[in-house]
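Remember, it's 1-based here, ligands and their atoms both numbered in the order they're listed.
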Amino acid sequence: MEFDFDLFVIGGGSGGVRAARVAAAGGAKVGLAEESRLGGTCVIRGCVPKKLMVFASGYREAMGEAVDYGWDVSMGEFDWSKFSPRLNGELDRLEGVYQKLLTNSGVETFASRATIADAHTVALADGTRKTAKHILVATGGRPVRPTEDFDTDLAMVSDDIFHMDKLPKSILIVGGGFIACEFACIMHGLGVEVTLFYRGAQVLRGFDDEARGLVADMMSARGITIKTGTNIADMQKAKAGVSVTDTHGDTSEFEAVLYATGRAPNTEGLGLENVDVEVGRRGEIIVDDYSQTGQASIYAIGDVTNRVNLTPVAIREGMAFVETVFNGNPTPVDHELIPSAVFTQPELGTVGMSEEEAREAGPVDIYSTSFKPMQQSFIGREDRVLMKLVVCKDTDVVLGCHIVAPAAGEMIQLAGIAVKMKATKAQFDQVCAVHPTMSEELVTMKTPVRSA
Ligand code: NDP
C-alpha cells in the first residue's frame, strides 16, 4: 500500500521533533503537525522560559550577598516589562531554530491540529487527510485546573505565567510539586509576596524526606509562607485580585492565584476511539517497552504516555522509536536511574532511590551531611546544603544520591553517571576531593549517620 509519508508525527515538542528529524535524516519521508508553537511545553511554556525566570529571580539574593561581600550595589526593583519582551524574543528565536531543524532535515510541517482517523490516516484541521505507514503521537500534556464548586478560572495555570502583563504584588500558589515549588521560589526572588498552599504534610512528595524537608525549610527561611494541610475552599473575584478562603476558614486576598496541581496527557479529541489504542485512567496512552500501542502502526512517546514526564526522557523515547522502527534495531527505553532537578532556591538534585524507598527494599547505610556553605556562611547567612548518599548495606552500591544546594542540578548530572554505573561507596571514596567545594562531601563521608 502507498502512503503519503513513512512517518507522521502529531506534536512538535521535544520528543516529536527529535523523532521526526532523526527519521527524516535517515531517509524516511516524514510529516509533522503542531497546532500551537514548535518546541512544545519545554521550549515554549516550560523548562526554557522557567529556567530563564529562575536566572532572573536569582539576582536579588546575589546582589544582597554582593553587598555583604563589600560590593557597592544599589538594589532596584525587578522590571517585568523589560524582562518579558526579551523572554518572548528568545522563545521566538528558539521556535525558529526548531522550524529550521525540521525543514533542513526534510520534514514537511503542518501548522495544524491533527487527529487520528484510522490506523494509517491523520486528519488535519482544514479537512485534508494524510496517510502514513507509522503514526507517532507526541502530543505532551497540559496543566490541570481542579474542578471545584467555585470559579477556578480566577486562577492562572503554569502556561499563563509567561504571559502576565505585570508581576503581581502577591501570589497564592496551590500545589506542592515541581512547578509549585519552582514558581514559589521564582516569584519570591522577583520580589512577589508568595504564599503556598499544599494539601499534604510536606511539599515535594516522592522525593527523599530529608532533602525535601531542607528545601521546604530554606523556602520558608527566605520568606515564602508555606501552609501545609491547606487547600482552597472558596475563591471570589476581589477589587485587586482574588479573595481566597482556605480549608481552615481563613480568608485572604492575593493579586494572583496559580494552580500548580499537576498535568494531564493530551489525548482528548485525538480520535483514539477510531483505533485500537488503549488509554489509561489519567488519559495516558498505554504503550509497551518500545513505545508501541495496541495498534501496530501507532506509537506514542513523551508526556502523553505519562511514564517519566521529563524532556530528556521524551527525546530518548523518540530516538529509541526511530531506532526500533526505521533502523531495524528494537530498542527499549531505559527508565531506570534518571537524574532530575527541581529548580528551587536552593535546587534539589536527585537520582535513584530515596532513603525511604531504599529502606523498604533492604538494609541500607545512609551517609548524609548538612552544613552551611562557605560562600554564605562567610556573610552570616543561615543557608544550609545537603549531600546525601543512600548505600546498599549488602553490596555497597550507591542506590541514591540527593543534593540540596545552589547548582544541585549541575552536580546531580555528574553524580548521576556514577550512580547509573552502579558505583559502590568504596569507589566514590577512591575519588580525590575537589577542594574547597560543597560536593567534595560526596567523596569524603566516612561513617554512616544511620543504618536501617
Ligand atoms: P506534580 O504532580 O509534581 O505536583 C502536583 C501537585 O499538586 C502535588 O503536590 C499534588 O498533591 C497537588 N495537587 C494535585 N491535585 C490537587 C488538587 N485538586 N488540589 C490541591 N492540590 C493538588 O505536578 P506539577 O504540575 O508540579 O509538574 C508536572 C510534571 O512536570 C512533574 O511531575 C514533572 O514530571 C514535570 N516537571 C519537571 C520539572 C523539572 O524537571 N525541573 C519542572 C516542572 C515540571 P499531592 O502531592 O498530594 O498529590
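At a heavy-atom cutoff of 4.0 Å, ligand 1 is contacted by no atom of S158, backbone or side chain. When non-hydrogen atoms are compared, ligand 1 lies under 4.0 Å from the side chain of N231 (C-beta onward) but not from its backbone. Proximity of Y198 to ligand 1, defined as any heavy-atom pair under 4.0 Å, is confined to the side chain (atoms from C-beta onward).
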Review point. Could you walk me through whether H402 and F207 pass the ring pair (Phe, Tyr, Trp, His ring centres under 6.0 Å) check?
Key: CA-CA 9 Å; H402 310 280; F207 290 86; 8.6 Å; no

Practice item. Run the numbers on H335 and E317 for side chain to side chain donor-acceptor pair (under 3.5 Å), then give the verdict. Key: CA-CA 10 Å; H335 290 106; E317 289 168 356; 2.7 Å; yes

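F178 CD1, 3.8 Å is the protein heavy atom nearest to atom 32 (O) of ligand 1. Remark: minimum distance from atom 42 (C) of ligand 1 to any protein heavy atom is reached at E182 OE1, 3.3 Å. Residue, atom and distance of the protein heavy atom nearest to atom 48 (O) of ligand 1 are R205 NH2, 2.7 Å. For atom 35 (C) of ligand 1, the closest non-hydrogen atom on the protein side is N309 O, 3.5 Å. Protein heavy atom at the shortest distance from atom 9 (O) of ligand 1 is G176 N, 2.9 Å. Closest protein heavy atom to atom 26 (O) of ligand 1: I179 N, 2.9 Å. When hydrogens are left out, the protein atom nearest atom 14 (C) of ligand 1 is T261 O, 3.3 Å; that is the closest non-hydrogen contact. Distance from atom 11 (O) of ligand 1 to its nearest protein heavy atom, with residue and atom name: R199 NE, 3.2 Å.
Of all atoms in ligand 1, numbered sequentially from 1 with element shown, those under 4.0 Å from a heavy atom of A260 are 5 (C), 6 (C), 7 (O). Each of the atoms 39 (C), 40 (O), 41 (N) of ligand 1 lies under 4.0 Å from some heavy atom of A341. Near L310, meaning under 4.0 Å from one of its heavy atoms, ligand 1 places the atoms 37 (C), 40 (O). Counting atoms of ligand 1 from 1 in the listed order, those under 4.0 Å from a heavy atom of K50 are 41 (N), 42 (C).
A salt bridge links K166 and E255; the closest N-O separation between the charged side-chain nitrogens and carboxylate oxygens is under 4.0 Å. Between E356 and R359, no side-chain nitrogen of the basic residue sits less than 4.0 Å from a carboxylate oxygen of the acidic one, so the salt-bridge criterion is not met. Between D365 and K425, no side-chain nitrogen of the basic residue sits less than 4.0 Å from a carboxylate oxygen of the acidic one, so the salt-bridge criterion is not met.
Residue G177 holds the heavy atom nearest to atom 4 (O) of ligand 1 of all those in G177, A180, G46. In this structure, of G409, P146, C42, G262, the residue bringing a heavy atom nearest to atom 25 (O) of ligand 1 is G262. Heavy-atom proximity to atom 30 (O) of ligand 1, evaluated over R263, R145, E347, is greatest for R263.
Remark: E148 CD is packed, more than 12 non-hydrogen atoms of other residues, nucleotides or ligands lying under 6.0 Å away. Within a 6.0 Å radius of CZ in F83, more than 12 heavy atoms belonging to other residues, nucleotides or ligands are found.
Summarising the geometry of V43 relative to L91, their closest heavy-atom pair is O-CD2, 3.3 Å, with the distance given to 0.1 Å.
Side-chain N/O atoms of S291 and R307 include a donor and acceptor closer than 3.5 Å.
The distance from the NZ atom of K100 to the CG atom of L38 is 13.5 Å, given to the nearest 0.5 Å.
Contact check for D160 versus M164: no side-chain heavy atoms found under the 4.5 Å cut-off.
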